[in-house]
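Just the heavy atoms: all of them, side chains too, but no hydrogens, waters or symmetry mates, feed the values below. Reminder, nothing fancy here: chain letters follow the sequence lines and each chain counts from 1.
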There are 2 protein chains.
Amino acid sequence: MTMSKAKKQTATLGGSADDIEAAFYAALQAADIEKLMACWADEDEIVCVHPGGPRLFGLGAIRAAFEAMFANGSIRAWPEAVRRIESLASSVHNLRERIEILTNEGPRQAFVIATNVYHKTAQGWRMVAHHVSPGSEHEAQEVSESPHVLH
Amino acid sequence: MTMSKAKKQTATLGGSADDIEAAFYAALQAADIEKLMACWADEDEIVCVHPGGPRLFGLGAIRAAFEAMFANGSIRAWPEAVRRIESLASSVHNLRERIEILTNEGPRQAFVIATNVYHKTAQGWRMVAHHVSPGSEHEAQEVSESPHVLH
């Protein structure tokens with residue numbers, strides 16, 4: 001994809017925070033770096049933390065990290081059990097990522113916990129933070145007072 | 001502290017997102033559960049993830065987890081290298097927590113990575129998400145394009 005095409009895509013990516021999140025995971029699954037980066041806000045302080053990894057700030061550092069990951073193939077990650085805190089121009093999502101990993105013994109599943117934050121910018125809703133950490137020993141464990149408690 | 005006193009404190013805690021963050025870490029260091037909980041928004045979907053722990057949703061679940069931690073003493077955690085993404089009513093902070101741990105061989109330091117999200121609510125700025133994960137092997141590692149790069 002040419003740079004002008006990528007820029008056009010960045011400029012025209014629209015929709016809600018949920019739409020941006022869907023586009024983000026679709027881009028991970030397709031190893032499409034341009035579509036992935038189009039989900040992010042163009043701000044110096046946007047932040048990405050992969051499990052056990054360093055803090056990555058800004059489009060350049062984040063892009064380089066995903067390009068290195070995509071060099072090994074796509075990332076088969078699916079968002080699950082999304083919980084949302086929404087305000088007028090901010091949407092904070094906490095979710096489990098179910099990740100399919102190919103091993104010598106065939107595909108295996110792993111779970112991680114992600115906080116994704118979206119801000120409504122002049123360009124529309126964009127991701128400003130993606131913080132992923134190793135899941136707990138009980139892969140689907142969560143605690144709340146809602147009727148959806150999983151013990 | 002009585003419940004009515006705690007409620008009054010919750011209602012009157014003011015200041016910026018930075019002020020709430022300072023109050024949050026001061027409460028951790030003092031093992032003061034009322035001051036700690038006064039930093040949080042009163043919403044069902046507020047979320048807290050401790051390193052390797054489950055997702056905790058809502059004031060009740062979050063309070064129970066911190067009460068269990070405070071039963072073992074205060075949490076000597078200091079925020080460092082705070083980076084901020086700010087919009088009108090949302091402030092996303094990513095920081096390192098330097099944690100002092102008492103071992104049989106004396107005090108030791110550990111580092112974790114935290115994303116703290118604050119929303120401006122009807123009660124003022126409040127924490128809505130606190131996601132902490134184990135630090136990278138290089139405790140102070142971070143990557144960015146800013147002049148503050150640490151390699």
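- Hydrophobic cluster membership is shared by B:I75 and B:M37, with clusters built from Ile, Leu, Val, Met, Phe, Trp and Tyr side chains linked at under 4.5 angstrom.
- At a threshold of 4.5 Å between side-chain heavy atoms, the hydrophobic network of Ile, Leu, Val, Met, Phe, Trp and Tyr places B:V82 and B:W125 in one connected group.
- Note on A:L59: it clusters hydrophobically with A:V117, by side-chain heavy-atom contacts below 4.5 Å among ILVMFWY residues.
- Shown here are the side-chain hydrogen bond (donor to acceptor under 3.5 Å, both in side chains) partners of B:D42, two or more places apart in sequence or in another chain: there are none.
- A ring-ring contact (aromatic ring centres under 6.0 Å, His included) check over residues 62-93 of chain B, counting only residues at least two apart or in different chains, returns the pairs B:H50-B:F66, B:H93-B:Y118.
- Both the backbone and the side chain of B:V47 have a heavy atom closer than 4.5 Å to some heavy atom of chain A.
- The two residues A:I46 and B:I85 come nearest to each other via the heavy atoms CA-CD1, 3.8 Å.
- Within a 6.0 Å sphere centred on CG of A:L88, other residues, nucleotides and ligands contribute 12 heavy atoms or fewer.
- Within the model, atoms CD of A:E86 and OG of B:S90 stand 12.5 Å from one another, a figure rounded to the nearest 0.5 Å.
- Only the side chain of A:H119 has a heavy atom closer than 4.5 Å to any heavy atom of chain B.
- Hydrophobic clustering of Ile, Leu, Val, Met, Phe, Trp and Tyr side chains at less than 4.5 Å, counting indirect connections, keeps B:I99 apart from B:I113.
- Here the shortest heavy-atom pairing between B:N94 and A:H131 reads ND2-ND1, 4.4 Å.
- Listed here is the closest heavy atom pair of A:A81 and B:R55: O-NH2, 2.8 Å.
- Heavy-atom minimum distance, A:A129 versus B:V92: CB-CG1, 4.0 Å.
- Of the atoms belonging to A:V128, heavy atoms from both backbone and side chain fall under 4.5 Å from chain B.
- The two residues A:E45 and B:R83 have their closest heavy-atom pair at OE1-NE, 2.6 Å.
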